[in-house]
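Have a look at the structure below, then the notes.
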There are 2 protein chains.
Amino acid sequence: MFDELCPSSLNPIRFGDKWAPLVIRCLEGGPRRFSELRVPLRRVTPKVLTASLRALERDGFVERTVHPGPLQRVEYALTPLGRSLLGPLEAACAWAGEHWDELLDAREAYEGRQQAG
Amino acid sequence: MFDELCPSSLNPIRFGDKWAPLVIRCLEGGPRRFSELRVPLRRVTPKVLTASLRALERDGFVERTVHPGPLQRVEYALTPLGRSLLGPLEAACAWAGEHWDELLDAREAYEGRQQAG
DNA sequence: CGCCCCGGTTACCTCTCGGATACCGGTCCG
DNA sequence: CGGACCGGTATCCGAGAGGTAACCGGGGCG
């Protein structure tokens, strides 16, 4: 059934690493520069953000373009492949919006049961 | 923007831990016993499978019921909350089915570029 | 009794992820 | 020249996820 390395056991189905979903959503509205990404993602250190971006670039989700000339800029943009992730990602976010509370309640109830015995 | 602990930065949007998606799909067709889950998931050691199931139970996605009497059985079943995950999960799997090859191609191309300089 | 199956648990180890901190080369600007 | 900004790197580190292997108590069963 799931003998082989099923794709779903690998990362992409989980939207990449920890910050990848947020990075993707940040790029949804168009290309962004490194320092522009750092503003909404201020909790992410540059090293980690770089790692996330490199992974997304490697998998063909974002494209990194260095605009040369004076005032050189580096921009990150979603590729078509990256945009194709927006659908599933949106589905997952919608799910979270609808059911997040239930999940928290379940956790609380579980903790209660644990302590009770 | 994403100042606070945004839900999407937490695990549930990523369908739990490494094996959770597969476990959920295994339970899609109805309740399964621990040893029944171990068959399709033969690459998962009991410890890890237990951990995954406990986490899913804690978050209210699966229910663990011990059927007493002689020949005691332990069954795991999806709760309604767990079933609500099937939609997004299906979306992610469909995405993988459609775009998996593109992703692999992108990776290959990237490696090539790396080695070329 | 001895053995097997079921549903785990325990101990231990490795390895990766992510975080903290500091630093760096290039470029512009005064 | 000095300083700031940009787009990162380098280094170190701790926590925890996940894997390996061994073990275990309860119940049936020959």
Requested in this report: Measure from CZ on R73(A) to P on dG8(D) and round the result to the nearest Å.
Outcome: 13 Å
Report task. Write down the distance between CD (E36(B)) and P (dC5(C)), rounded to a whole number of angstrom. Result -> 16 Å
**Report entry** Spacing between H67(B) atom NE2 and dC6(C) atom P, to the nearest angstrom
**Finding:** 16 Å
Query raised in the report: Which whole-number value in Å describes the distance from R32(A) CZ to dC6(D) P?
Result: 16 Å
What pairs of nitrogen or oxygen atoms, one from the protein and one from nucleotides 28-30 of chain C, lie under 3.5 Å apart?
residue : atom : partner : partner atom : Å
dC28(C) : OP1  : L71(A)  : N            : 3.2

Requested in this report: Measure the distance from CD on E57(B) to P on dG7(C) and round it to the nearest whole Å.
Outcome: 15 Å
Report summary line: Taken to the nearest whole Å, CD/E75(A) to C1'/dC6(D) is 14 Å
Report task. Would you mind reporting whether D17(A) and L56(A) have side-chain heavy atoms less than 4.5 Å apart? Result -> no
Requested in this report: Measure the distance from OH on Y76(B) to C1' on dG7(C) and round it to the nearest whole Å.
Outcome: 8 Å
Report task. Decide, yes or no, whether a salt bridge links E90(B) with R25(B) under the criterion of side-chain N to carboxylate O below 4.0 Å. Result -> yes
Query - Cluster check W95(B), L86(A): I/L/V/M/F/W/Y, side chain < 4.5 angstrom - result: yes
Query raised in the report: OP1, OP2 of dG8(C) versus side-chain N and O of R64(B): anything below 4.0 Å?
Result: yes
Report task. Would you sort out whether Q72(B) and H67(B) count as a side chain to side chain donor-acceptor pair (under 3.5 Å), showing the intermediate values? Result -> CA-CA 6 Å; Q72(B) 148 184 333; H67(B) 296 269; over 6 Å; no
Query raised in the report: When hydrophobic residues are tied together by side-chain contacts of less than 4.5 Å, even through go-betweens, does L78(B) share a cluster with F34(B)?
Result: yes
**Report entry** R33(B) side-chain N/O to dG7(C) phosphate OP1/OP2 under 4.0 Å
**Finding:** yes
Report task. Determine whether F61(A) and S84(A) make a side-chain contact, defined as any pair of heavy atoms from C-beta on separated by less than 4.5 Å. Result -> no
Query - Non-hydrogen side-chain atoms of R73(B) and V66(B) separated by less than 4.5 Å - result: no
Report task. Decide side chain to side chain donor-acceptor pair (under 3.5 Å) for R64(B) and Y76(B); before the verdict, give the C-alpha distance in whole Å, the side-chain angles of both, and the deciding distance to 0.1 Å. Result -> CA-CA 5 Å; R64(B) 176 176 181 270; Y76(B) 293 91; 3.3 Å; yes
Query raised in the report: Transitively linked via ILVMFWY side-chain contacts under 4.5 Å: V48(A) with L27(A)?
Result: yes
**Report entry** Closest listed nucleotide, where the reference is the side chain of F34(B) and the choices are dG8(C), dG7(D), dG18(C)
**Finding:** dG8(C)
Query raised in the report: Going by number, which of residues 45-56 of chain A have a non-hydrogen atom under 4.0 Å from DNA chain D?
Result: P46(A), K47(A), T50(A), R54(A)
Query raised in the report: CG of L41(B) versus P of dG19(D): gap in Å, rounded?
Result: 12 Å
